[in-house]
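Numbering of ligands and ligand atoms starts at 1, following listing order. In this text, all values refer to a predicted model and were calculated from it rather than measured experimentally.
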Amino acid sequence: KRQPKPDACIGCPSYYAGEGFVPPLFGKYYDRLGIILIGEAPGESERDCLEPMCGPTGSRLRKWLAPAGILLDEVHIWNTVNCRPLNNREPDKQSQEVCYAKHVKDFISRHHPKAIVAVGKVAETTLIDQKHTGRGRVYPYRGDPSIPVIPTLHPSFIMRGGWKFLPTVISDLKLARRNATSTVYMTPSVESLEASINALQTPPWPPNPECVVFDIETAGED
Ligand code: URA
């Protein structure tokens, strides 16, 4: 069953031409990490499953979170334009601006992200108020310059033959994670690791708002 389009969307070309409104995907442990991923627009699968990034392209991105040390449950996901654009085209600039002003801006300010990942050019140009951008760097979010935006490549580009850039996407996601994570607990000994695990088993878990990272290595003979 398709979502009705909100009346607030009047004035957006994708409101008239599009086929339904896809709501955000909320990670249930979002508070652990506080990262929001913003993609381009829903495709046919997203229109039908009513979740961003659930189709063949978006689900790749979901899978690439794990190698960057991010759980799907620790992020919220939405798109720059949240109705599927007509003929599955790149959403026009007006739809991008209207959807940002009427939905995405409020969504971001309500959830106080520690970092935003802009997935692809459409998200990047909508969320960053700067003419020249490029990946591998952090930019101020246009709605609140204290929030870092990390641009990355769109999974459709990777899947259309750009596989050699997959490590780039993973390193962008890691950069977002580093920006969102303020505290790193080192675990120099097994005893302190055990103590940390015991502490973490006591609610509230994990200690909000930090994210806990264990970097475990086994010692060699020497
Ligand atoms: N699916 C989405 O929801 N967004 C994208 O940008 C790509 C696929």
Side-chain angles (χ1 to χ4, degrees), residues 1-6 9 12-15 17-28 30 35-68 70-100 102-108 111 113 115-128 133 135 139 141-142 149-163 165-166 168-170 172-173 176:
K1 188 169 174 290
R2 294 194 189 150
Q3 290 283 98
K5 298 167 197 172
C9 301
C12 169
S14 296
Y15 171 84
E19 303 161 7
F21 186 79
V22 178
L25 179 68
F26 295 102
K28 58 176 184 271
Y30 168 79
I35 293 181
I36 293 182
L37 274 80
I38 302 285
E40 184 175 301
E44 202 177 358
S45 314
E46 286 80 15
R47 175 200 66 191
D48 295 339
C49 74
L50 287 177
E51 261 188 23
M53 308 276 181
C54 69
T57 309
S59 58
R60 293 285 180 160
L61 185 70
R62 292 188 185 202
K63 289 203 180 100
W64 298 335
L65 296 174
I70 299 172
L71 300 178
L72 180 61
D73 274 338
E74 292 173 329
V75 300
H76 288 342
I77 305 180
W78 215 13
N79 282 303
T80 309
V81 171
N82 289 291
C83 289
R84 182 179 179 236
L86 189 64
N87 300 329
N88 213 19
R89 293 220 190 91
E90 182 176 302
D92 59 283
K93 198 66 202 160
Q94 195 180 335
S95 300
Q96 294 171 34
E97 280 306 314
V98 176
C99 204
Y100 173 73
K102 308 227 164 157
H103 300 288
V104 178
K105 189 174 168 215
D106 283 354
F107 172 70
I108 292 174
H111 293 282
I116 301 173
V117 180
V119 183
K121 270 276 161 223
V122 168
E124 182 180 322
T125 51
T126 306
L127 300 174
I128 302 170
T133 53
R135 24 143 335 276
Y139 298 88
Y141 164 54
R142 75 187 251 202
V149 178
I150 293 89
T152 195
L153 301 165
H154 196 272
S156 65
F157 167 76
I158 305 291
M159 290 168 71
R160 279 197 317 259
W163 285 101
F165 295 105
L166 178 55
T168 304
V169 175
I170 310 286
D172 293 336
L173 292 169

With heavy-atom distances below 4.5 Å as the criterion, would you say the side chains of Pro113 and Ile108 are in contact? yes

Take the angle between the ring planes of Tyr141 and Tyr100 and call it parallel below 30°, perpendicular above 60°, tilted in between. perpendicular

Assess the cysteine pair Cys49 / Cys54: is their SG-SG separation shorter than 2.5 Å? yes

Carboxylate-amine/guanidinium contact Arg62 Glu51, below 4.0 Å: yes

Aromatic plane relationship, Tyr30 with His111 - under 30° parallel, 30 to 60° tilted, over 60° perpendicular: perpendicular

Present, as a list of atom pairs with distances to 0.1 Å, all nitrogen or oxygen contacts under 3.5 Å between ligand 1 and the protein.
| residue | atom | partner | partner atom | Å |
| --- | --- | --- | --- | --- |
| ligand 1 | 1 (N) | Glu46 | OE2 | 2.9 |
| ligand 1 | 3 (O) | Met53 | N | 2.9 |
| ligand 1 | 3 (O) | Asn79 | ND2 | 2.8 |
| ligand 1 | 4 (N) | Ala41 | O | 3.2 |
| ligand 1 | 4 (N) | Asn79 | OD1 | 2.8 |
| ligand 1 | 6 (O) | Glu40 | N | 2.8 |
| ligand 1 | 6 (O) | His154 | NE2 | 2.8 |

Partners passing ring pair (Phe, Tyr, Trp, His ring centres under 6.0 Å) against His154 (at least two apart in sequence or in another chain): none

